[in-house]
Amino acid sequence: MAKEITSREEDYSQWYLDIVKKANLAQNSAVRGCMVIKPYGFSIWEKMQGQLDKMFKDTGHQNAYFPIFIPKSFLSKEAQHVDGFAKECAVVTHHRLMNDPNGDGVVVDPSAKLEEELIVRPTSETIIWNTYRDWINSYRDLPLLINQWANVVRWEMRTRLFLRTAEFLWQEGHTAHATKAEAIAETKQMQEVYARFAEDFMAVPVIKGTKSDSERFAGAEDTYTIEALMQDGKALQAGTSHFLGQNFAKAFDVKFLDENQKSEYVWATSWGVSTRLMGALIMTHSDDDGLVVPPRLASTQVVIIPIPKPNDEINAAVETITAELKAKGITVKYDQDKKKRPGYKFAEYEMHGIPVRLGIGKRDLEKGVVEVARRDTKEKSSQPLEGIADHIEQLLEDIQNNLFQRALDFRKEHTTHVDTFEEFKEVLETKGGFIYAHWDGTEETEKKIKDLTKATIRCIPNDAPEEDGKCVLTGAPSKRRVVFAKAY
RNA sequence: CGGGAUGUAGCUCAGUUCGGUUAGAGUACUGGUCUGGGGGACCAGGGGUCGAAGGUUCAAAUCCUUUCAUCCCGACCA
């Protein structure tokens with residue numbers, strides 16, 4: 001077999017790359033660290049975008065677009081922010097090419113040097129807050145609730161398709177508020193939106209929490225995160241929502257007159273999820289036969305395969321089924337390719353993770369049934385043609401729920417509470433996953449644990465109960481457990 | 001940026017040690033025949049600047065120098 005996938009057991013990271021490649025999701029490009037998202041991969045991203053965009057609008061946000069280039073000077077206005085991003089910025093220094101005077105090809109025209117260099121945005125806080133200064137004068141201008149869908153560039157040293165690429169697609173919300181409380185409420189609301197999206201649509205269970213000082217977004221006062229667990233026991237940060245305080249308002253001098261005619265700095269938030277979610281989707285559900293896409297994100301939910309190939313009788317039956325499914329809003333593809341054999345198609349659609357596959361042949365038609373195969377469990381059964389659409393509608397729902405439940409069970413099995421550092425290391429080495437442990441709250445301890453084990457604090461869970469304990473490393477008193485894991 | 005490895009057909013790789021006709025295999029692709037309920041068989045065909053540049057030589061995928069890229073391990077990383 002030509003399209004074999006490396007098994008997860010054999011080499012997890014190769015398995016991931018095989019899926020991305022063989023399910024036609026993405027490929028490496030001519031530019032290091034940048035990827036080409038292929039049509040099938042993009043169709044899944046589009047489904048994600050569509051749903052997220054709806055959720056943003058339902059919570060009162062509007063879309064806008066800001067430029068890809070940021071004047072260098074903007075980036076240095078917020079000290080922590082520049083520290084966080086300076087090392088990974090692409091910089092535009094010239095605006096013209098010319099023919100190489102020494103031969104063929106083109107060279108940068110030295111006379112076209114820019115007065116001020118432009119940074120390709122690694123994130124848009126600075127240019128957006130520079131714009132907000134003009135937009136915000138009064139409390140009546142607030143809150144300002146804006147989102148943008150864009151690409152950003154971060155010159156990462158080591159990249160991996162979808163999980164960390166030099167350029168990636170994302171959305172970034174940037175909101176401005178009159179009060180601190182309101183901004184914090186917005187930050188939490190968006191964390192909630194992300195969590196709901198991850199769980200209800202991606203079928204990926206997440207832990208909601210806040211970041212420790214060292215893991216916080218550069219320029220934020222608080223970073224709210226959703227953390228997912230991958231099948232290899234490593235954590236993946238799936239989305240973040242930042243409470244920015246008045247940091248950017250002060251850096252860009254964005255003030256408003258409140259109802260008491262007092263001039264105040266604006267309170268800010270920003271929040272984002274990226275094409276990295278594709279990586280989370282792949283690594284949560286897929287198996288050694290290929291991608292598994294939850295029905296709610298599948299661009300094609302049902303594929304119908306004529307066995308062994310299309311004929312008038314089969315076509316007629318398919319036409320009926322297709323009409324019934326479409327009436328229910330289910331997306332269907334009928335694969336009439338005569339050159340490829342059924343077995344080939346079965347494997348191919350499994351590779352692509354299509355949730356439900358129908359097989360129809362002469363035998364089935366004689367009995368008035370159709371073969372229904374579900375991708376998640378790979379179970380097959382014969383179902384009567386009568387009422388098939390209802391059955392499939394229910395089946396898609398079952399698959400969606402089953403994927404979530406399966407991921408949740410996996411997470412439960414890979415979540416451990418530990419009280420000693422010996423246990424901590426032991427669990428990390430044997431089964432990985434999320435480790436709930438006490439921590440003394442200092443950055444030194446956090447760093448030491450990271451150096452010793454490679455595990456980092458993924459978050460301080462929102463729902464962590466108060467509990468007296470001792471730091472797993474130093475033995476200093478602690479009030480609650482935090483979540484540790486090795487992370488992507 | 002350090003340590004290691006690799007660049008030969010779309011993909012996976014052989015050939016490089018020890019230089020010698022026209023550079024190979026599997027797979028994928030194209031056409032045909034037979035097939036047909038889980039990645040079919042056979043026949044025929046197309047496809048290469050051997051990563052790039054320079055050098056040594058009668059002769060370079062093979063030797064030398066430089067360079068670029070990719071992968072793995074570190075460092076780095078919302």
Inset, instruction - Would you kindly give the NZ-to-P distance between A/Lys21 and B/A28, to the nearest whole Å? - result: 15 Å

Inset, instruction - Would you please say whether a donor-acceptor pair under 3.5 Å links the side chains of A/Glu125 and A/Ser270? - result: yes

Legend entry - Complement of B/C1, any strand, by Watson-Crick or G-U distances under 3.5 angstrom: B/G74

Inset, instruction - Write down the distance separating the C1' atoms in B/A23 and B/G15, rounded off to the nearest Å. - result: 8 Å

Legend entry - Pairwise C1' distance for B/U49 and B/U8, with rounding to whole Å: 12 Å

Legend entry - Closest-nucleotide 5' rank along RNA chain B - winner of A/Arg363 and A/Lys339: A/Lys339

Inset, instruction - For the pair A/Trp271 and A/His61, name the ring-plane relationship: parallel under 30°, tilted 30 to 60°, perpendicular over 60°. - result: perpendicular

Inset, instruction - Could you check how far CD of A/Gln80 sits from P of B/A78, rounded to whole Å? - result: 12 Å

Legend entry - Gap in Å between the two P atoms, one belonging to B/U62 and one to B/U57, rounded: 16 Å

Legend entry - Integer-rounded Å distance: B/U70 P and A/Met35 CE: 16 Å

Legend entry - Verdict with reasoning, A/Met202 to A/Leu297, per side chain to side chain contact (heavy atoms under 4.5 Å, CB included): CA-CA 7 Å; A/Met202 295 176 65; A/Leu297 291 181; 3.5 Å; yes

Legend entry - Side chain of A/Asp364 (C-beta onward), nearest among B/U12, B/G31, B/G37: B/G37

Legend entry - Heavy-atom donor-acceptor pair, A/Lys362 side-chain to B/G36 base, under 3.5 Å: no

Legend entry - A/Ile307 side-chain proximity, nearest of B/G37, B/C77, B/U12: B/G37

Legend entry - Same-atom distance (P) from B/G31 to B/U12, integer angstrom: 25 Å

Inset, instruction - For A/Arg357, answer base if it contacts any base atom (sugar-phosphate contacts may also be present), sugar-phosphate if it contacts only those atoms, and nothing otherwise; contact means non-hydrogen atoms under 4.0 Å. - result: base

Inset, instruction - Tell me what A/Glu350 touches on the nucleic acid: a base, only sugar-phosphate, or nothing, going by heavy atoms under 4.0 Å. - result: base

Legend entry - Value in whole Å for how far the P atom of B/G74 lies from CD of A/Glu156: 17 Å

Legend entry - Whole-Å P distance, B/C73 and B/A9: 26 Å

Legend entry - Under 3.5 Å on both distances, the Watson-Crick or G-U partner of B/U30: B/A44

Inset, instruction - Scan every strand shown for a Watson-Crick or G-U wobble partner of B/A61, both distances under 3.5 Å, and answer none if you come up empty. - result: none

Inset, instruction - Mind checking A/Lys338 for me? I need base, sugar-phosphate or nothing, with any heavy atom below 4.0 Å counting as a touch. - result: base

Legend entry - Of A/Gly272 and A/Thr159, the one whose closest RNA chain B nucleotide lies more 5': A/Thr159

Inset, instruction - Classify the side chain of A/Arg341 versus the base of B/G37 as yes if they form a donor-acceptor pair under 3.5 Å and no if they do not. - result: no

Legend entry - Main-chain N/O of A/Ser299 paired with A/Tyr40 side-chain donor or acceptor, under 3.5 Å: no

Inset, instruction - Specify whether A/His352 and A/Tyr349 have parallel, tilted or perpendicular ring planes, treating 30° as the upper limit for parallel and 60° as the lower limit for perpendicular. - result: tilted

Inset, instruction - Tell me the partner of B/A9, counting only Watson-Crick (N1-N3 plus N6-O4 or O6-N4) or G-U wobble (N1-O2 and O6-N3) with both under 3.5 Å; none if nothing fits. - result: none

Inset, instruction - Quick one: closest heavy-atom pair of A/Ala183 and A/Thr269, and the distance? - result: O-CG2, 3.2 Å

Inset, instruction - Kindly say whether A/Ile435 contributes a backbone atom to a donor-acceptor pair with the side chain of A/Arg481 at under 3.5 angstrom? - result: no

Inset, instruction - Indicate, with a heavy-atom threshold strictly under 4.0 Å, whether A/Tyr349 touches base, sugar-phosphate, or nothing. - result: nothing

Inset, instruction - Measure from the side-chain heavy atoms of A/Arg164 and tell me the nearest of B/C77, B/G39, B/G74. - result: B/C77

Inset, instruction - Rounded to whole angstrom, note down the C1' distance from B/C50 over to B/A14. - result: 13 Å

Legend entry - Given B/A78, B/G74, B/G37, the nucleotide with the shortest approach to the side chain of A/Glu371: B/G37

Legend entry - Nearest-neighbour nucleotide for the A/Glu88 side chain, B/G38, B/C77, B/G37 considered: B/C77

Legend entry - Working for ring pair (Phe, Tyr, Trp, His ring centres under 6.0 Å), residues A/Phe243 and A/Tyr224: CA-CA 8 Å; A/Phe243 169 59; A/Tyr224 291 73; 8.2 Å; no

Legend entry - Atom-to-atom span, CG of A/Leu17 to C1' of B/C71 - whole angstrom: 10 Å

Inset, instruction - To the nearest Å, give me how far apart CG (A/Asn24) and C1' (B/C11) are. - result: 13 Å

Legend entry - Given B/C77, B/A78, B/G38, the nucleotide with the shortest approach to the side chain of A/Phe85: B/A78

Legend entry - B/G26 and B/U21, which share atom name C1', separated by this distance in whole Å: 25 Å

Legend entry - Interatomic distance, A/Leu365 CG vs B/G37 C1' [rounded to whole Å]: 13 Å

Legend entry - Given B/A78, B/G39, B/C72, the nucleotide with the shortest approach to the side chain of A/Ser13: B/C72

Legend entry - Whole-angstrom distance between B/U70 and B/A28, as gauged at atom C1': 22 Å

Inset, instruction - Indicate, with a heavy-atom threshold strictly under 4.0 Å, whether A/Lys211 touches base, sugar-phosphate, or nothing. - result: nothing

Inset, instruction - With a 3.5 angstrom cut-off on both distances, give the Watson-Crick or G-U wobble partner of B/U21, or none if there isn't one. - result: none

Inset, instruction - Check if the side chain of A/Arg216 and the base of B/A78 share a donor-acceptor pair of N or O atoms closer than 3.5 Å. - result: no

Legend entry - Protein-nucleotide distance (A/Lys380, atom NZ; B/G37, atom C1'), rounded to Å: 8 Å

Inset, instruction - Using Watson-Crick or G-U wobble geometry with both distances below 3.5 Å, tell me the partner of B/U56, or none. - result: none

Legend entry - Side chain of A/Phe346 - closest among B/G39, B/G38, B/C76: B/G38

Inset, instruction - Respond yes when some side-chain nitrogen or oxygen of A/Lys309 is under 4.0 Å from OP1 or OP2 of B/U35, and no when none is. - result: no

Legend entry - Modelled atom types, side-chain donor and acceptor of A/Gln148 and A/Ser124, under 3.5 Å: yes

